[in-house]
Number of protein chains: 2
Amino acid sequence: MLAKIKAARDTLRKSEQKVADVVIADPEESVQSSIQAIATRAAVSEPTVIRFCRALDCVGFQQFKLKLAQDLARRGTFFYQDVTVDDSSKELANKLLDGAIASLVQIRDQINEAALDAAIALYENSSRVELYGSGGSAVVAEDAQLKFFRLGKPAIAYSDPHIQHAAAALLDKNALVIAISHSGRSSDILKTVEIARQAQAKVISVTATRSPLAQCSDIALTVDVNEDSDIFSPVKSRLAQMVVLDVLAVGVAVRGGDHMLEQLARARRAIDFKFV
Amino acid sequence: MLAKIKAARDTLRKSEQKVADVVIADPEESVQSSIQAIATRAAVSEPTVIRFCRALDCVGFQQFKLKLAQDLARRGTFFYQDVTVDDSSKELANKLLDGAIASLVQIRDQINEAALDAAIALYENSSRVELYGSGGSAVVAEDAQLKFFRLGKPAIAYSDPHIQHAAAALLDKNALVIAISHSGRSSDILKTVEIARQAQAKVISVTATRSPLAQCSDIALTVDVNEDSDIFSPVKSRLAQMVVLDVLAVGVAVRGGDHMLEQLARARRAIDFKFV
DNA sequence: TCCAGAGGTGTAAGCGAATTACACAATTAT
DNA sequence: ATAATTGTGTAATTCGCTTACACCTCTGGA
């Protein structure tokens, strides 16, 4: 939730940003406050606080507070800490793993059931899938391709933006695009999605809440992860994206009924020997 | 909090016990309910619910709900369970995420510090890195390449077994191979490693404990994950492998001192804009 | 057995917080 | 410059929590 607020902050309206800042500054205080208190502290009106909550996919202020409280409670178990030069290897590993675990726990609480259901339906109504991701997200797209192509419809991943543009232009209304981007702000992917939508293709995005990419997709599977502590590439969002896509793929499989599951299990056993 | 309710249950008044029973029976439901809903479900009046909260040292119903919510959030017992056809999307997502989380927790407890230190030393003494992985592990190799090539030495990933063989034959004693395989039994990867060792290259494997691959490597970073419940590709081992390689890369960076970390952070920020 | 008192429980009123509807202000495009 | 759109605050309303109070029930003593 806190990560979600940070991720969405810049896309919020001016007054709502004030609210976000107040909450981020002292979340412990915020969970105990009334709407009034927060409105006063942020120097905005009370309805603005509600709008802020709604922007974060909560039905109201109460639910927002509840989610925030749960988020805070969880920070005690696996929280991330920055690595330092004099950590031992063991400490290092623990810190990084805790961070990764914490990010998955966050995702667990963020899952938007409605969006997931809608995404599954979109897959079922399409005849083929194309996955677009660049840089680090290319890896995720490829991983997802491996999953989706076993579900019975053609699935292909492109990582080069130019090829993505070209491929997107060739789509039709039966095609489904899955666009993956951590920030959801890369101009390449936005352009690609625009082209795809012009070609009438449906678009599912796996990206940050309220990011430009999320906003121009039919469905957004949001993945908000606190990346502050990642030294390199955003590993955590990578992990999170992979799991979210796994959930989608398994969701599709499960909706296909026992028969499909059985088939998949067999396919996997067959492949296990050679690959992995 | 839940424990507190159970403990206090018998000391409460009769009507309050009914409330306690309702809450214990379905705490998840309770945190989302209004005082009315709970009163109705327990067949008592609303003030009784408040008295119940007060008996548990809360100033009011809201605070009670908040504390209960935090308690639920903290019950971070992440078991994996098999998904079934009649799971809702939410249940499905939770099961899969719990499984992924559980696997990372397992890895956290498995980390072999000595092997990690030795692996870091091996990297420091080599002039270039080649990463080999096929099938699902190819994705991991590519991800790792993104990390390692920012550490100052050439890093390259190959996913095609034939190319791996050819590449391995061209290595020398200053080269480091990182071989990635879930099972560690694929004949392709074993052959590749054999060729690489004949060429005097050093080999780090990321694979299952005591697998053939682990045994023929200089150092094995073991990743043992329960894959039974994975329907498709082994997502969990994928995640685990990625994190282990992240640990290795960060370890190398940290040993390089503050200067290196600083540089990496800058590199990341520069890239964030375009990629991600 | 009845009565007195204390403790327990529900009813109804009130009060305050959250939410909605609406009007005005600011921004953007035309 | 003006219209339309978006953003924000004010005021009214609704809803849920809390409190005050009255009734009921149980226990202990005459």
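A quick note: this is a predicted structure, and the numbers were derived from the prediction, not measured. Chain A is the first sequence line, chain B the second, and so forth, proteins listed ahead of strands; every chain is numbered from 1.
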Salt bridge A:Asp143-A:Lys147, side-chain N to carboxylate O under 4.0 Å: yes
Parallel, tilted or perpendicular: rings of A:Phe148 and A:Tyr123 (30°, 60°): tilted
Any A:Ile180 side-chain heavy atom under 4.5 Å of A:Thr207 side chain: no
Summary of protein contacts for nucleotides 8-27 of chain D, nucleotide by nucleotide, where a base hit scores B, a sugar-phosphate-only hit scores S (4.0 Å, heavy atoms): BBB-----SSBB--------
Distance, rounded to the nearest Å, where B:Gln17 contributes CD and C:dG8 contributes P: 12 Å
Less than 3.5 Å apart, which donor and acceptor atoms pair up between the side chains of residues 43-50 of chain B and the rest of the protein, not counting sequence neighbours?
from, atom 1, to, atom 2, distance (Å)
B:Ser45, OG, B:Thr48, OG1, 3.1

Between A:Arg41 and A:Ser33: side-chain donor-acceptor atoms closer than 3.5 Å: yes
Rounded interatomic separation in angstrom, taking CZ from A:Phe52 and C1' from C:dT19: 17 Å
